[in-house]
Amino acid sequence: MARKPSAERRRQLTEAAIRAMTRDGVPRTTTRSIAAEAGVSLSVFHYCFDSKQALIESVITTIMDHYVDVVRAAIQPQPTLQETIRAGFRAYWDHVAAHPGEHMLTYELTQYALREPGFAHLARRQYELYADTYAGLLEQLRETMGFELSVPVPVLAGYLATMTDGLTLSFLALGDEKACMDIIDTVTDHVASLVRD
């Protein structure tokens, strides 16, 4: 059997970890169960990840990549700014609806990192990534649609990250998609109102 490059092995193990953690929960997922899920030996796991922290950071980043790529592709200029923004939120929401376990895992990873000694920086990094991602998406929109905002991009990015985080958790707990869509419409209109000519 041909050897795979280590970056490809890391991706394979990270995706296996996401499946195992989504199914079994973070505390019950072991390096052995991840290796078995990936169909590799335990030594391959330890070659690719020198610590559980490195694995969790890779899991957090990969989950974000799953839906950010979808959102980025969806944010193409529409006839109006509201429609463009709504398309981005809708793409995110479609991912939440299709992969609720993966999104639930993000909250479990946050709690795990905050409770586990020496892991709190991973929770901070996770939420920094959320805000950084929104900042990048806002900059993408500004460049493609040529507008300015009445608030600084980092402030709006933080607001949107916080809103999306809370809305996702609310949906996972309550399952009320219509209420979530109504909130997304409200936030979409609010963001559009922050644009100045």
Side-chain angles (χ1 to χ4, degrees), residues 18 56-115 119-197:
I18 291 169
I56 289 177
E57 187 165 13
S58 183
V59 166
I60 289 168
T61 303
T62 301
I63 290 174
M64 284 194 61
D65 288 345
H66 286 173
Y67 63 81
V68 170
D69 290 345
V70 171
V71 171
R72 191 169 281 120
I75 299 181
Q76 300 301 320
Q78 306 287 328
T80 67
L81 181 60
Q82 282 96 332
E83 289 173 275
T84 306
I85 295 168
R86 190 171 287 111
F89 279 130
R90 186 74 230 192
Y92 169 79
W93 203 257
D94 288 346
H95 193 276
V96 173
H99 307 280
E102 199 169 287
H103 288 270
M104 190 179 306
L105 175 58
T106 64
Y107 296 98
E108 190 174 349
L109 287 166
T110 304
Q111 292 296 316
Y112 179 83
L114 289 172
R115 290 180 183 279
F119 281 60
H121 69 283
L122 295 176
R124 281 194 304 275
R125 182 66 190 130
Q126 181 181 7
Y127 277 78
E128 288 167 355
L129 278 171
Y130 292 166
D132 291 348
T133 298
Y134 265 111
L137 291 170
L138 287 167
E139 291 295 352
Q140 176 185 333
L141 265 181
R142 281 177 45 180
E143 287 174 17
T144 57
M145 299 193 77
F147 62 80
E148 291 300 320
L149 292 165
S150 60
V151 296
V153 167
V155 172
L156 184 54
Y159 163 71
L160 292 174
T162 302
M163 181 281 303
T164 307
D165 187 55
L167 189 63
T168 304
L169 186 57
S170 176
F171 172 73
L172 292 172
L174 302 175
D176 190 344
E177 187 166 356
K178 180 175 183 328
C180 292
M181 289 299 99
D182 290 343
I183 292 168
I184 284 174
D185 286 343
T186 301
V187 172
T188 296
D189 292 343
H190 184 216
V191 172
S193 76
L194 298 174
V195 170
R196 60 176 184 231
D197 299 327

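Excluded from the calculations below are hydrogen atoms, water molecules and symmetry mates; all remaining heavy atoms, backbone and side chain alike, are included.
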| Once you round to the nearest 0.5 Å, how far does CD1 of I184 lie from OG1 of T164? | 7.5 Å

| Using a distance-only test with no angle check, is there a side-chain donor-acceptor pair under 3.5 angstrom linking Q126 and Y130? | yes

| said: Could you walk me through whether E139 and R142 satisfy the salt bridge (charged side-chain N to carboxylate O under 4.0 Å, His left out) test, starting with their C-alpha distance in whole Å, then the side-chain angles of each, then the deciding distance to 0.1 Å, before giving a yes or no? | reply: CA-CA 5 Å; E139 291 295 352; R142 281 177 45 180; 3.6 Å; yes

| said: Please verify the inter-ring angle class for H95 with H66; under 30° counts as parallel, over 60° as perpendicular, anything in between as tilted. | reply: tilted

| field | Backbone of T162 reached by a side-chain donor or acceptor of Y127 within 3.5 Å | value | no

| query | Once the angle between the rings of Y134 and F89 is folded into 0 to 90°, is it parallel (under 30°), tilted (30 to 60°) or perpendicular (over 60°)? | reply | tilted

| Taking the side chain from S193 and the backbone from H190, do they hold a donor-acceptor pair closer than 3.5 Å? | yes

| query | Any donor-acceptor pair under 3.5 Å linking the side chain of T106 with the backbone of H103? | reply | yes

| field | Under-4.0 Å salt bridge between D132 and R125 | value | yes

| query | Around atom CZ of R115, are there more than 12 heavy atoms of other residues, nucleotides or ligands at under 6.0 Å? | reply | no

| Does the distance from a Lys or Arg side-chain N to an Asp or Glu carboxylate O, for E57 and R124, drop under 4.0 Å? | no

| query | Quick one: OG1 on T168 to CE on M104, what's the gap to the nearest 0.5 Å? | reply | 11.5 Å

| task | Drop me the distance from I75's CD1 to L137's CG, to the nearest 0.5 angstrom. | result | 4.5 Å

| field | Interatomic spacing from SG in C180 to CG in L172 - rounded to 0.5 Å | value | 9.0 Å

| field | Flag, side chain of T144 to backbone of Q140, donor-acceptor distance under 3.5 Å | value | yes

| query | Between the main-chain N or O of Q78 and the side-chain N or O of T84, is there a donor-acceptor pair closer than 3.5 Å? | reply | yes

